[in-house]
Amino acid sequence: MSETNDFTALVIGGSVGGLAAAHELRAVGAGVAVYERSVGETSARGAGIVMQPEVDALLARLGRSAASVSVELHERQQLDAHGRPARHGAPQLMTARDTLYRALREPLAGVCYRLDSTLRRVQVSGHDVTAEFSDGYTARGNFLVGADGIGSATRMLLDSVSRPEYAGYVAWRGLEPESALPSDLLDLLAGRFTFFTSSGTQMLCHLVPGPDGEREEGSRRVNWVWYTNVAEPELPRLLTGRSGMHFAHFVPPGELRPEIVEQVARQADVSLPRPLARLVHLSDVFLQPVFDLAPGRMVADHAALIGDAAGTVRPHTASGTSKAFGDAAGLAAALRGWTPALPLPASELEHWEIRRLDRFLTLSEAGFDLAVRSTLGAGRGDRFFGAG
């Protein structure tokens, strides 16, 4: 990685997409500072991540192999309603967001990474960009990258019109130590990517590394996600946690109210094969509704949006993380060789934006088609929590 500072980049958002942007920008000579709105360093949110080429490529440049942060799967299995599996060989590497976060964060130990930094204002003056945060702190650089997710404050400041739209279904999630599962259930799931699909519902699960990146048998975790159709009027109730806090896009572990947890368990008993219903009962369930955010522009004056801040893809594509990494790599390439003494490389940035929007469109269409095939989304399939 280059140590010269041809320009200074302010990266808003300190999860894996923001960290990828920091690495890519440093590689083209930028000095980088990262600003994260969370009070504590970002956690996994339970998300398993399918290893994709964009992620593999950045890890390799950092001296890490994809296998060193992943659990290897050997088969895929589709369960029927009675829990009987149909299997075929399908080698695949699976990691977890916290494992990947750690692999990207550790090499940036000497880089400014400021927590509790909620962006409130952006000002451009000449070659400088000033970011002002809610606690009064200000930072100055030459280019600003919004990598702050679906609830992006950066996007709101650059484009106040675009809003996420509910897709008509939610993802119930769990992330449990494999050691907490009964041996027969673990024998069914270990080494396999497991699927179940029925009208208005789809569940998948697989093992990921342990909380500190452990890959040894007995120290890993079982990650699962269960998509169910939920009427939009139910969302305010589901997104209100047991603490009374209302969450916009994600209800973390421990915050689902007891009556919601009970409903989820009852629905699992009547909707899922017995092994998967048992898994739900054994888990600390949390919630992530699925939203669509169509991209507008990705480039503004001395600023750009990447990842979910620029636009979301459906989770069935397993491409949200890799899209953010691809956005970051392409943006850095467009800025290679630029210094504040020169005009912004407008042509390179425009070409980057066109390519990434085209990639977004491809992924978006694929994700929508996958959801339709699983009868997920508004007006499709059976509904969970009533007809709304």
Side-chain angles (χ1 to χ4, degrees), residues 44-50 76-83 85 94 96-97 166-178 180-181 185-186 188-189 192-208 221-232 234-235 237-239 247 249-291 314-318 320 367 370-378 380-386 388:
R45 294 193 169 186
I49 295 174
V50 178
R76 288 194 171 202
Q77 63 179 357
Q78 182 79 34
L79 302 185
D80 66 14
H82 302 287
M94 297 292 190
R97 190 168 296 274
Y166 178 53
Y169 60 107
V170 305
W172 306 100
R173 292 185 175 272
L175 186 69
E176 300 301 320
E178 64 173 316
L181 270 59
L185 182 55
L186 186 60
L188 175 69
L189 302 177
R192 302 183 177 104
F193 203 154
T194 301
F195 296 83
F196 171 75
T197 302
S198 185
S199 178
T201 190
Q202 181 186 56
M203 187 168 179
L204 57 88
C205 65
H206 55 82
L207 269 66
V208 298
R221 294 170 292 178
V222 176
N223 173 80
W224 61 264
V225 55
W226 177 23
Y227 300 109
T228 62
N229 285 334
V230 170
E232 187 166 8
E234 291 284 351
L235 280 186
R237 181 169 72 95
L238 300 184
L239 289 169
F247 297 90
H249 304 112
F250 177 79
V251 182
E255 273 287 354
L256 279 181
R257 298 199 312 281
E259 65 270 24
I260 303 299
V261 174
E262 290 176 8
Q263 282 188 280
V264 172
R266 288 198 301 270
Q267 189 69 28
D269 287 336
V270 300
S271 302
L272 298 175
R274 179 59 183 158
L276 299 183
R278 289 173 67 198
L279 181 58
V280 173
H281 278 270
L282 291 166
S283 299
D284 184 4
V285 181
F286 49 108
L287 171 66
Q288 186 174 12
V290 178
F291 290 96
R314 296 285 178 94
H316 319 287
T317 65
L370 288 169
V372 168
R373 274 190 261 166
S374 299
T375 60
L376 292 168
R380 300 184 187 92
D382 295 340
R383 283 189 176 181
F384 189 53
F385 286 139

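Quantities reported herein were computed from a predicted structural model and do not represent experimental measurements. These numbers come from the heavy atoms of this one structure, side chains and all, not from hydrogens, waters or symmetry mates.
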About how many Å separate CZ of F196 and CG of D80, when rounded to the nearest 0.5 Å? 8.0 Å
Dump the intermediate steps for side-chain contact (heavy atoms from CB on, under 4.5 Å) on T197 and Q78, then the final yes or no. CA-CA 8 Å; T197 302; Q78 182 79 34; 3.9 Å; yes
For L204 and F195, the nearest pair of non-hydrogen atoms, with its separation, is CB-CD2, 4.0 Å
side-chain contact (heavy atoms from CB on, under 4.5 Å) between W224 and V280, worked out: CA-CA 9 Å; W224 61 264; V280 173; 4.0 Å; yes
As a quick check of understanding, evaluate side-chain contact (heavy atoms from CB on, under 4.5 Å) for L207 and E178, giving each step before the final call. CA-CA 8 Å; L207 269 66; E178 64 173 316; 3.8 Å; yes
Of all heavy-atom pairs linking Y166 and V230, the shortest is OH-O, 2.7 Å
Are L272 and L279 close enough that some pair of their side-chain heavy atoms sits under 4.5 Å apart? no
Non-hydrogen atoms of P253 and D284 that approach each other most closely: CB-OD2, 3.7 Å
Is there a side-chain contact between I260 and V251 (heavy atoms, below 4.5 Å)? no
Test T201 against every option in W172, W226, Y227 by the side-chain hydrogen bond (donor to acceptor under 3.5 Å, both in side chains) rule and name the one that passes. W226
Side-chain touch L376/Q202, heavy atoms, less than 4.5 angstrom: yes
Where do R221 and A96 come nearest, in terms of heavy atoms and distance? NH2-CB, 3.6 Å
Of all residues at least two apart in sequence or in a different chain, which pass the salt bridge (charged side-chain N to carboxylate O under 4.0 Å, His left out) check with R257? E259
One should read off an interatomic distance between L189 CG and H206 NE2, to the nearest 0.5 angstrom, of 11.0 Å
Any idea which heavy atoms bring N223 and G48 closest together, and the distance? OD1-N, 3.4 Å
Roughly how far, to the nearest 0.5 Å, is SG of C205 from CD of Q77? 7.5 Å
Of all heavy-atom pairs linking L188 and P275, the shortest is CD2-CB, 3.6 Å
Less than 4.5 Å apart, any side-chain heavy atom of V208 and any of L175? yes
Do the ring planes of Y169 and H316 sit parallel (below 30°), tilted (30 to 60°) or perpendicular (above 60°)? parallel
Checking the side chain of Q288 only, and the main-chain atoms of V225 only, is there a donor and an acceptor separated by less than 3.5 Å? no
Report yes if some heavy atom in the side chain of R278 is under 4.5 Å from a heavy atom in the side chain of L181; otherwise report no. no
Would you say H281 and D269 make side-chain contact, with heavy atoms under 4.5 Å? yes
Derivation and outcome, side-chain contact (heavy atoms from CB on, under 4.5 Å), residues V50 and M94: CA-CA 5 Å; V50 178; M94 297 292 190; 3.7 Å; yes
By the salt bridge (Lys or Arg N to Asp or Glu O under 4.0 Å) test, which pairs, at least two apart or in different chains, include something from residues 192-201? E75-R192
Return the CD to CZ distance between Q263 and R237, rounded to the nearest 0.5 Å. 5.0 Å
What distance do N229 atom CG and E234 atom CD have between them, rounded to the nearest 0.5 Å? 12.5 Å
